[in-house]
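All values reported here derive from a predicted model rather than from experimental measurement. Throughout, a chain's letter reflects where its sequence line sits, starting with A, and its residues are numbered from 1.
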Amino acid sequence: MAEIGTLADAVGELIADGDVVALEGFTHLIPTAAGHEIIRQGRRDLTLVRMTPDIVYDQLIGAGCARKLVFSWGGNPGVGSLHRFRDAVQNSWPVPLEIEEHSHAGMANRYVAGASGLPFAVLRGYVGTDLPSVTATIKPITCPFTGEELTAVPALNPDVTVIHAQRADRDGNVQLWGLLGVQKEAVLAARRSLVTVEEVVDELTPVPGAIVLPSWAVTKVAEVPGGAHPSYAQGYSERDNAYYAAWDPISRDREEFANWLREVREEVPA
Amino acid sequence: MAEIGTLADAVGELIADGDVVALEGFTHLIPTAAGHEIIRQGRRDLTLVRMTPDIVYDQLIGAGCARKLVFSWGGNPGVGSLHRFRDAVQNSWPVPLEIEEHSHAGMANRYVAGASGLPFAVLRGYVGTDLPSVTATIKPITCPFTGEELTAVPALNPDVTVIHAQRADRDGNVQLWGLLGVQKEAVLAARRSLVTVEEVVDELTPVPGAIVLPSWAVTKVAEVPGGAHPSYAQGYSERDNAYYAAWDPISRDREEFANWLREVREEVPA
Amino acid sequence: MTYTSDEMMAVAAARALSGRQRVFVGIGLPSTAANLARRTHAPDLVLVYESGTLGSKPDRLPASIGDGILAETADAVISVPEVFNYWLQPGRIDVGFLGAAQLDRFGNINTTVIGGDYHHPKVRLPGAGGAPEIAASCREVYVVVRQTSRSFVERVDFVTSFGHGTGKGDRERLGLRGAGPTLVITDLGVFRPDPDTSELVLTDLHEGVALDDVRAATGWDVKVAPELGRTPPPTAEELSALRALKEASK
Amino acid sequence: MTYTSDEMMAVAAARALSGRQRVFVGIGLPSTAANLARRTHAPDLVLVYESGTLGSKPDRLPASIGDGILAETADAVISVPEVFNYWLQPGRIDVGFLGAAQLDRFGNINTTVIGGDYHHPKVRLPGAGGAPEIAASCREVYVVVRQTSRSFVERVDFVTSFGHGTGKGDRERLGLRGAGPTLVITDLGVFRPDPDTSELVLTDLHEGVALDDVRAATGWDVKVAPELGRTPPPTAEELSALRALKEASK
């Protein structure tokens, strides 16, 4: 049964220094508020996992929370580069950032394997690319029936996965809809999970395209309206495209970023 | 783009003697009418594939359409055995029936591999059982990262998959809801596909829990109201439990079955 | 109230479930017992069916694992591949609740063939279904089976679902994660694996059943626990709930 | 009507799509072109986005691959694992429509690092995203890229997505099923792989562009097709559709 509580308590109880943490969300339903709470609580040495690290990961990296990033596409979607990410990779600022780089297909299948209790996944992937030469977690595997060679990637099993969803009921059952990304797999692959939701309701009325994560598959739920801003929650909010654009100049400059960081640290947690 | 036409034309054009054919449906949405049309058209030497062969497969087997059955559970759900299936296995009547036997987890993953364009799937399955000693399509595979031994099963790629769904629109997009079974995977794994539907509508309005198979992923659609009888189509019909019970005495007796078969052969096709 | 031995079995099986256990429910006797438990002392049980429903709350007995009521009352409806890969395989289920055509001294289950050889069986049974992986992956397995000397045998003709193999340690050697069959409930009594040998031992006799009845209906020289328990008969509440469930499903 | 070279590129790219092609659409230039095609001469195009939408029909340019309008107007919304495993990997997509930070003479794509080595790059780019498997699995790949001598290079610094490797036959040797990049559209012209060598050859110049402009913006000694075509300038209809799409997305 998922416990319903505050974001600050949930992050404090679930996420420790050195953990492997996935904040998932494929442009939609990105758990930004939870990321900011991780920054406020000063977590360090995290291995951050995400298919599409964008602004919130740029912020976590710039704040020095991460020692490693496992990912397949890091950028500010529709705008350009992640400058804190670049600064960490190119200049080790504020701390060095190790990277483990995959493709989307590889990352998605790593979560699928993790959710399935398997140690690895098989795909047609990476063939001919330079990725296997820089990423140790890509290996060949031979089909025992046809002899064909394919690619194997190891399961991802984060210590904690954090996602944002539209709703939960008072028992902690979680409902989300619209673009679903890899959130279900990321939650099921994780040892512990936190779901921030737009609202806690009495009953999860059916919604076309919605999936439900039963309460017993989730560790904690926190009600954080707008917790996906600047991304959006379909049916609740619109994507704040201006914020994505505004992030570019902030992240380009260490001092601007420091100012932003100070403000976030002073915010009262949700 | 799926072509919309009659059941008789679709079966005639898509299914040939000797084909590997899957009629899928997990108790819900079983494409029985299509099975009867296969009987009427006198197909022979089919390899029939299905996780849960039940009455319609008993009928196809009794009619002599099949030379092989690939399956994981064959029975009359809630009633008992499939007597035509038993008669074929135990007495080669009316023709010998080869069997390739798996578990549900294995069959489901074989379809998943087929739908994914992979030659095999990996699972934790069959360990300690006698199934690998009688089924050649179960092999060990070693994780290239952990060294752990798991089980591999080859992809299923039927020549034709037939399913029943609630609705299609006039472009041939198919919508189904309720228990989804393995139908999406079975269609995507197949070279050709036929979907019988309760009705063809102008627009597929959203339904909670529904999935849509785009027209370009389906070969043919035929409107066959009640085509899942005696199983059911959620939102359209109820399961005819009496028919399942009534099948038992018919199937126990070769002569009773022959009478049934004569009637089906004389039916006007949908 | 009078009751049948099948009713006693269903009630005893229902009593084995409790709290918020996640139960992977086979159709037939297991489904009857699990639904009875949910309607009596264990309303928070989470029923998972292989047809792809999580948290089904049917108010009558489903006619099959694909009964529409399972989907209509579920917390979530998922595909069949998903139920096996995301929910069963990783060990998220507490109890796998299975039936059996044949069960042996070490809790191995046969639902495939009886007599003859595999290719020329005396009786061809339905086959494995979800059972092999349910028996492998759930934390524990409970088996509900009507007991006769033909169904309760020294060694199954075919191992469809692995129990304790040939005895203690076999599961660990094979890398199976769940504990395997920890409880077998029949129409005569209750069996549990011996902690040292994993052989099924009679631990409880149902009310009104004699030890000799069990011996006669067991195909091996059955061992009896030093402190043999007695299953209390069904209560009036249990019986009426069971009968109401069955009545509603007609 | 006057137009920019970017508009010419978008229009030329849009014209490459037709009928009911299934197009796996990268964000940015490819998405602009695919949506323009759907709004002009190819209304039946099936747009697939890696965020998990099949058959999106947006009436403005999506701001990102996760723009809500892609889900709201789709025939089906599916999970990200599903889009890669069930729809891309088996070869169901006709055209993979990709951008590139760096593209080489044999159509290999780099979106990972430029300069230095991988661990100490001069410029760290976003990385692979879906591109490696899009480039591998689609029947054909079209690349849309602004052409400069820095982006159009003899050999990419890092092969993020495999094109034709070092030349003819490399894809077959690796067992790749799709044909790889068959068309490259830039702001200056159109390139196609030579049927014998798979080297990218200039086959069309956009209206108003000189051959020397292309030579100056190509990092290798570019070959020119014997019959060099001329891309007709954007029509008024194309331009107004393109501008309306962009306007609506503001």
Is it the case that atom CZ in C:Arg146 sees more than 12 heavy atoms from other parts of the structure closer than 6.0 Å?
no

With a cut-off of 6.0 Å (strictly less than), are more than 12 heavy atoms of other residues, nucleotides or ligands near CZ of C:Arg150?
no

Segment of [X] engaging chain B (4.5 angstrom heavy-atom cut-off):
X: C:Tyr118; result: side chain
X: C:Asn110; result: neither
X: C:Val113; result: neither
X: C:Phe162; result: both
X: C:Leu176; result: side chain

Verdict with supporting geometry, C:Val80 and B:His104, side-chain contact (heavy atoms from CB on, under 4.5 Å)
CA-CA 9 Å; C:Val80 166; B:His104 278 354; 5.6 Å; no

Measuring from atom [atom1] of [X] to atom [atom2] of [Y], what distance do you get when rounded to the nearest 0.5 angstrom?
X: B:Arg124; Y: C:Asn85; atom1: CZ; atom2: CG; result: 11.5 Å
X: C:Glu50; Y: B:Met51; atom1: CD; atom2: CE; result: 7.5 Å
X: B:Lys184; Y: C:Ser79; atom1: NZ; atom2: OG; result: 8.5 Å
X: B:Thr129; Y: C:Ile109; atom1: OG1; atom2: CD1; result: 12.0 Å
X: C:Thr160; Y: B:Tyr126; atom1: OG1; atom2: OH; result: 12.5 Å
X: C:Asp67; Y: B:Asn241; atom1: CG; atom2: CG; result: 7.0 Å

Please check: side-chain N/O of B:Gln90 versus main-chain N/O of C:Arg124, any donor-acceptor pairing under 3.5 Å?
yes

Test item: [X] and [Y] side chains (from C-beta on) under 4.5 Å apart, heavy atoms:
X: C:Phe158; Y: B:Val134; result: yes
X: B:Leu179; Y: C:Thr53; result: yes
X: C:Ser51; Y: B:Thr27; result: no
X: B:Asn91; Y: C:His120; result: no

In terms of heavy-atom pairs under 4.5 Å with chain C, which of [options] leads?
options: B:Gly209, B:Ser92, B:Gly25, B:Gly128; answer: B:Gly128
options: B:Arg239, B:His28, B:Glu238; answer: B:Arg239
options: B:Val79, B:Leu180, B:Val127; answer: B:Val127
options: B:Pro77, B:Ser103, B:Gly78; answer: B:Ser103
options: B:Ile99, B:Thr52, B:Ile211; answer: B:Ile99

Pairs of heavy atoms under 4.5 Å with chain B: top-ranked of [options]:
options: C:Ala71, C:Ala128, C:Gly129; value: C:Gly129
options: C:Ala136, C:Pro81, C:Gly127, C:Pro126; value: C:Pro126
options: C:Glu72, C:Arg177, C:Glu82, C:His119; value: C:Arg177

Can you say whether B:Phe71 sits under 4.5 Å from chain C via the side chain, the backbone, both, or neither, judging by heavy atoms?
side chain

What part of B:Tyr232 lies closer than 4.5 angstrom to a heavy atom of chain C: side chain, backbone, both or neither?
side chain

Please list, in residue-number order, every residue in residues 105-121 of chain B that has a heavy atom less than 4.5 Å from any heavy atom of chain C; write 'none' if there are none.
B:Ala105, B:Ala108, B:Asn109, B:Val112

